[in-house]
Amino acid sequence: MSIQGMTRRQFVGTASLGAVAAMASRTVPAYGNLGGNAGKLALQGGRPVRSKPWPTWPVWDRSAEDSVLAVLRSGNWYRGQGKTVTQFEEAYAKLLGAKRCVCMVNGTNSLLTAMHALDVGVGDEVIVSPYTFIATYNVVLNSSALPVFADTDPETFQINPDTIEERITERTRAIMPVHILGIPANMDRIMAIAKKHNLVVIEDACQAWMAQWRGKSCGAIGDLGCFSFQNSKHLPCGEGGAVVGNDDALMDRVHSFHNCGRPFGSVPRTSGYPIIGTNRRMTEYQAAILLNQIQRLEADTARRWENGQYLTSQIKNIPGIIPCRLYEGTTRAVFHLYPFRYKKEHFNNAPRSKFMAALSAEGIPCSGGYGPQYRDGLIEAALTSKNFTRSFPKARLDQYRKELNYPGNEQLCEEAVWIGQNMLLTEKADMDDIANAIRKVHDNRDKLA
Ligand SMILES: Cc1ncc(COP(=O)(O)O)c(C=O)c1O
């Protein structure tokens, strides 16, 4: 499979191995950081800039094995019998400065739970970012609500706040900003628009553990925030998720709903099940892994942030390479993926796929990221479904189809290049390898076409 054709997860999973492992036995190149005339491109048989492998992910040690075994041996494998899930919820809420946290089976179901708890569903419209993992689309569609995409700002990779208000209709109930790639969306603007139009805000922080906006944790700013703990994530346990929030009554409903609608806190105690519910409970094993993983999150996060900023300083002057711009309110980005944009006019008009192949051959695995998924067929399948044709007037759905056009997003889908988070868990010299490889490809641009 081409690197461009890889999903984000496949990319994150292979970034540390793949091309790099294949080169591990070759000698370290002499290509320096001066940007002078490069050696031959590795793609054409030259020596790669880097032959050292990148760190693998996830990382664990003996203490994690002990924690999981302790749960196993206790026989208390479900949260109703053990205390591990509750312990993790308390630790994660504290880390984020949020009042409450409820763990879930995964990020997708955390988002579905948040929508349900805020009563966003059938016949409603939700403003979402088109530049995101498909789960963000799916949770809105699965709730029989219309995902109304605001455009993407290609400079910041985030939802463009200037394009939100024009998409609000009388059916709009929520904004779902995604802090995509672990980079904060413009929460000042989003919260102000939500307030003005009386909308709820559900933060998709599934890639943004410990990212901060003006000192506040992403995910703890809107009405509810959702996280993923899937294997590739910075706080991983295989599959897992969480909803965080600061409103006790709302979080009581989140808890009750995820536990079959059983009473919890202010959800009234009746003979059995006072509200509609489902089962999205996390197991004690998952929480045992998370309690172990959370110990490394702060140090890893600080390192990714430091290395990400250093990398930006090293590549920003390479012609045709545009690092992601951070909004002024960003206190910390966590770079689940480190992104930049590729301008082919500065690379002898070589397509991005050729650039990425050349960079990967230099020992720097990379990917092209998301495509314009709203054209993949899932939206049309939803719009023609029974749920949607019953819940929305035909005129609204026809109008919606006409508006599925996002120039900023289309541009970004063509220009983006991502580098995996594991590659930022290294030293400055490793960031120099990335910058040197990009510079080498640029110096050899006449050989790329
Ligand atoms: C932005 C975004 N939203 C939602 C999800 C869904 O999370 P999960 O895979 O845990 O269901 C993910 C996971 O990759 C994500 O990246």
Side-chain angles (χ1 to χ4, degrees), residues 6-13 15 57-58 88 92 101-116 126-143 145 147 149-150 152 156-159 174-185 187 190 201-211 218-219 222 224-244 258 278-283 286-287 289-290 293 324 333-339 367 369-371 373-374 378 409 412-413 416 418 420-422:
M6 280 188 189
T7 65
R8 175 179 53 78
R9 287 174 184 181
Q10 285 164 336
F11 167 64
V12 171
W57 189 261
F88 173 75
Y92 194 53
C101 166
V102 178
C103 283
M104 301 278 155
V105 287
N106 54 36
T108 305
N109 281 285
S110 303
L111 287 162
L112 283 167
T113 302
M115 287 189 67
H116 178 87
V126 181
I127 307 275
V128 286
S129 169
Y131 195 75
T132 182
F133 180 58
I134 202 66
T136 319
Y137 294 29
N138 279 336
V139 294
V140 180
L141 293 169
N142 277 315
S143 307
F149 301 105
T152 306
T156 62
F157 287 60
Q158 306 302 315
I159 191 168
I175 308 178
M176 192 181 278
V178 186
H179 305 289
I180 203 65
L181 316 183
I183 298 166
M187 290 309 287
I190 291 164
V201 174
I202 300 169
E203 291 178 78
D204 182 340
C206 284
Q207 299 186 6
W209 326 258
M210 294 192 78
C218 291
L224 291 172
C226 300
F227 292 86
S228 167
F229 306 134
Q230 184 268 342
N231 226 70
S232 65
K233 304 298 168 40
H234 298 190
L235 185 53
C237 67
E239 298 282 3
V243 178
V244 304
H258 107 297
T278 183
N279 177 359
R280 292 179 178 157
R281 294 186 302 258
M282 176 180 274
T283 67
Q286 290 163 288
I289 296 173
L290 289 170
Q293 289 287 314
C324 172
V334 300
F335 296 125
H336 182 49
L337 285 308
Y338 176 91
S367 123
Y370 302 123
Q373 304 160 138
Y374 37 83
L378 83 161
N409 194 63
L412 185 59
C413 290
W418 296 352
Q421 57 91 4
N422 57 312

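Order of listing sets the numbers, starting from 1, for every ligand and every atom in it.
At least one heavy atom of K233 sits less than 4.0 Å from an atom of ligand 1.
If you look at N109 next to ligand 1, there are no close heavy atoms at all, none under 4.0 Å. At a 4.0 Å heavy-atom cut-off, ligand 1 touches T132 through the side chain alone.
Of the possible donor and acceptor atoms, one in the side chain of Q286 sits under 3.5 Å from a partner among the backbone N and O of E239. Not a single donor-acceptor pair under 3.5 Å links the side chain of T136 to the backbone N or O of T132. Of the possible donor and acceptor atoms, one in the side chain of S110 sits under 3.5 Å from a partner among the backbone N and O of A242.
Of all atoms in ligand 1, numbered sequentially from 1 with element shown, those under 4.0 Å from a heavy atom of A135 are 4 (C), 5 (C), 6 (C). The contact set between ligand 1 and T136, taken as ligand atoms under 4.0 Å from a residue heavy atom, comprises 3 (N). Within the listing of ligand 1, atoms 1 (C) sit less than 4.0 angstrom from a heavy atom of V178. Below 4.0 Å from some heavy atom of C206 lie the following atoms of ligand 1, by number and element: 2 (C), 3 (N), 4 (C), 5 (C), 12 (C), 15 (C).
Of the N or O atoms in S228, one or more lie within a sub-3.5 Å distance of an N or O in ligand 1. Between D204 and ligand 1, a contact under 3.5 Å exists for at least one N or O pair. An N or O contact shorter than 3.5 Å is missing between Q230 and ligand 1 by distance.
Remark: aromatic rings of Y370 and F157 are distant, center separation not under 6.0 Å. For Y374 and Y131, the ring centers are positioned 6.0 Å apart or more.
W209 and H336 have perpendicular rings, their planes meeting at more than 60° on a 0 to 90° scale where under 30° would count as parallel. Ring planes of Y92 and F88: parallel class, angle under 30° (limits at 30 and 60°).
Under the 4.5 Å side-chain criterion, counting only non-hydrogen atoms from C-beta, V105 is not in contact with M282.
Here atom 7 (O) of ligand 1 lies nearest to G107 when heavy atoms of P236, S110, G241, G107 are compared.
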